[in-house]
Amino acid sequence: MRQLFGTNGIRGIVNETIDCLFALNIGMAYGSFKKGKIAVGRDSRISGLMLKDSFISGLLSAGCEVIDTDIVPTPAIQYYIKDNPSVKGGGVITASHNPPEYNGIKVIAEDGTEASMDEERKIEEVYFEKKFNKANWRDTGAYSTLNIIDHYVEGVKNVLDLDSIKCKDLKIVLDAANGPGSLSSPIFLKDLGIRYVGINTNIDGTFPGRNPEPTEENLEMMQKFIKNGRFDLGVAHDGDADRSVFFDEKGRFIDGDIILSIVAKYILEERGEGTVVTTVATSSSLKDVVEEYGGRVIETPVGSIYVARTMMETGAIFGGEGNGGLIFAEHQYCRDGLAALGKIIKIMVNENKSLSELVDEIPRYHIFKDKMAVKSIDDRKDIIEMIKKTYSSDERAQTENDGIKIYYGEKDWILIRESGTEPILRIYAEAKNEKRAKDLLDYGKKLIKNGIKNNYV
Ligand code: MG
């Protein structure tokens, strides 16, 4: 059967690969087997209103009771669903960090986590077979709107126990990408009495300020602000505010892997032991820190859903990815950009250290990333399989997670994996020594080239 859902729900270019009719049918398909209360929200994209209303219409036609939260951070609606057992599921119209012409649909399970693959397959089945379950007319009108932002901000403050900490001297630069983080993060900072300067903190779905992907290149404005003023840190969200990236007081962009290490270290110091989950692409610095403080690391394929599910299965205390997606088990099993900001603030205040001091305590590795184009999406798999075969009896190679990760010594490694959406292979190489990391990257590229040769000749 054809698939609609990828690792991040459904994504597409508006009115080309995703339109109102599609959103309506997905709403009808979801409602056909998911009865009861369903919460629906969206990010700030200008196509969000039409797609959300279409999706809601589908749910209403199936007889669901719809709670429309409109523009909210993705983790806010996930928190609302988790916190309200009478709500049986949800949908978010979002394309997260993608450019403004994109949008998407993410389905949320009853416990607030991203819908399981089973549930996604069910939606696809009803959608493709057009087995829609339409309700009696009397049952088609249950609709209400609800503002959940305050509830969410309170929830994050409570779980992190932030009311008691003295953070009033902090000065922060906040860049909310003109997305839904513009609604929650300013309230959060004001509540804590923290002074901040906001960049891109008005809702605007054309993203006039910057690309919604919070990479260092897209955050020049933030860097300038910090370098020209006196701030303790800078924080930037992605387009749906489930991620946060940070700058220290010197204006340095902090690698997401280092943020994971800082948070993991703090949590383990508090608890003494525990499991931390991350993906195969994360720096060994996390492993160094976690093991030093009495914990263990479990690696998953790349993708926050794998991290979240593995955390639930193993009872892990913390997890995340190097792209700024942090998951706190005591809060909820999904990425949460506001909780990430709150945790960093709490660590700085409780440890009485600047962010740069916290960063400089973490062991550093050199990591290089590159990508190589292949002829087609199918070729990606064939080439990876070829490399896996070469290493099948080599115990340095790990192949159970995502692509192939080969260790050279205890901490140096190469990872080769498929891109989720494009005909390219991604390659990562990490080592303590910079030259060795570069050499490993070149060696990984050679492995791919040999794979391509064998594949095409
Ligand atoms: Mg996101």
Side-chain angles (χ1 to χ4, degrees), residues 72-79 96-97 112 149 152-162 165 167 170 172-177 179-189 191-192 194 196 201 212-216 219 222 232-248 253-268 270 276-279 282 286 289 304 307-308 311 316-351 355 358-359 362:
V72 286
T74 300
I77 194 160
Q78 293 187 266
Y79 181 73
S96 185
H97 61 274
I149 297 285
Y152 167 61
V153 170
E154 277 307 309
V156 173
K157 270 165 47 193
N158 287 340
V159 77
L160 294 174
D161 194 16
L162 285 175
I165 67 163
C167 48
L170 289 180
I172 288 179
V173 185
L174 164 71
D175 181 337
S182 311
L183 303 177
S184 45
S185 295
I187 298 179
F188 179 80
L189 293 172
D191 275 4
L192 295 177
I194 294 174
Y196 74 93
T201 48
E213 168 81 329
T215 56
E216 185 174 6
L219 297 169
M222 157 94 63
D232 298 290
L233 79 131
V235 60
H237 299 308
D238 72 327
D240 66 335
D242 61 351
R243 295 196 270 140
S244 282
V245 303
F246 296 90
F247 286 80
D248 70 11
F253 180 79
I254 311 303
D255 193 358
D257 289 356
I258 300 299
I259 292 292
L260 290 180
S261 297
I262 291 171
V263 174
K265 178 180 167 184
Y266 179 81
I267 295 178
L268 280 164
E270 268 184 342
V276 173
V277 180
T278 192
T279 77
T282 298
L286 180 64
V289 166
S304 70
V307 176
M311 285 177 70
I317 50 178
F318 173 61
E321 291 185 278
N323 61 6
L326 276 61
I327 305 174
F328 302 95
E330 74 272 28
H331 178 43
Q332 54 178 348
Y333 288 108
C334 67
R335 300 189 287 202
D336 192 316
L338 188 61
L341 169 60
K343 197 70 167 185
I344 289 294
I345 290 173
K346 184 167 178 174
I347 295 170
M348 286 172 66
V349 172
N350 281 3
E351 302 278 297
L355 188 51
L358 292 169
V359 168
I362 302 298

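Model, not experiment: these values are computed from the prediction.
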CD1 on I317 to CD on E270, rounded to 0.5 Å: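 Output value for this atom pair is 9.0 Å.
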
First locate atom CE of M222, then atom CG of L174, and finally report the distance between them rounded to the nearest 0.5 Å.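 So the CE of M222 and the CG of L174 are separated by 7.0 Å.
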
Mind listing the closest non-hydrogen atom pair of [X] and [Y] along with its distance?
X	Y	answer
F253	T215	CE1-C, 4.4 Å
A177	P212	CB-CA, 4.4 Å
V276	A264	CG2-CB, 4.3 Å
S244	A340	CB-CB, 4.1 Å
R335	G325	CD-CA, 3.4 Å
A176	G181	CB-C, 3.7 Å

Has [X] got a side-chain atom pairing as donor or acceptor with [Y]'s backbone, closer than 3.5 angstrom?
X	Y	value
K343	V263	no
D238	R243	yes
S182	G179	yes

Are L358 and Y266 close enough, and set up right, to give a side-chain contact (heavy atoms from CB on, under 4.5 Å), and what steps lead you there? CA-CA 10 Å; L358 292 169; Y266 179 81; over 6 Å; no

Do V245 and I254 come within less than 4.5 Å of each other through their side chains, counting heavy atoms only?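 Contact flag for V245/I254 side chains = no.
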
Please examine the side chains of I149 and P73, heavy atoms only from C-beta on, and report whether any two atoms are closer than 4.5 Å.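 Heavy-atom side-chain distance check passes, below 4.5 Å.
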
Among T278, L286, D255, side chain to side chain contact (heavy atoms under 4.5 Å, CB included) partner for S261: L286

Using side chain to side chain contact (heavy atoms under 4.5 Å, CB included) as the criterion, point out the one residue from I77, L338, V72 that pairs with Y152.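 Going through I77, L338, V72 one by one, the side chain to side chain contact (heavy atoms under 4.5 Å, CB included) with Y152 is satisfied by L338 alone.
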
Only counting residues at least two apart or in another chain, list the ones meeting side-chain contact (heavy atoms from CB on, under 4.5 Å) with L170.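 Only C167, I194, D232, I345, M348, V349 meet the side-chain contact (heavy atoms from CB on, under 4.5 Å) criterion with L170.
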
According to side-chain hydrogen bond (donor to acceptor under 3.5 Å, both in side chains), does anything in residues 323-334 pair up with another residue at least two apart or in another chain? List the pairs. H331-D336, Q332-D336

Any chance you could lay out the side-chain contact (heavy atoms from CB on, under 4.5 Å) test for V173 and F247, step after step, and finish with the verdict? CA-CA 9 Å; V173 185; F247 286 80; over 6 Å; no

What's the verdict on side-chain contact (heavy atoms from CB on, under 4.5 Å) for L341 and L189, showing C-alpha distance, side-chain angles and the deciding distance? CA-CA 10 Å; L341 169 60; L189 293 172; 4.2 Å; yes

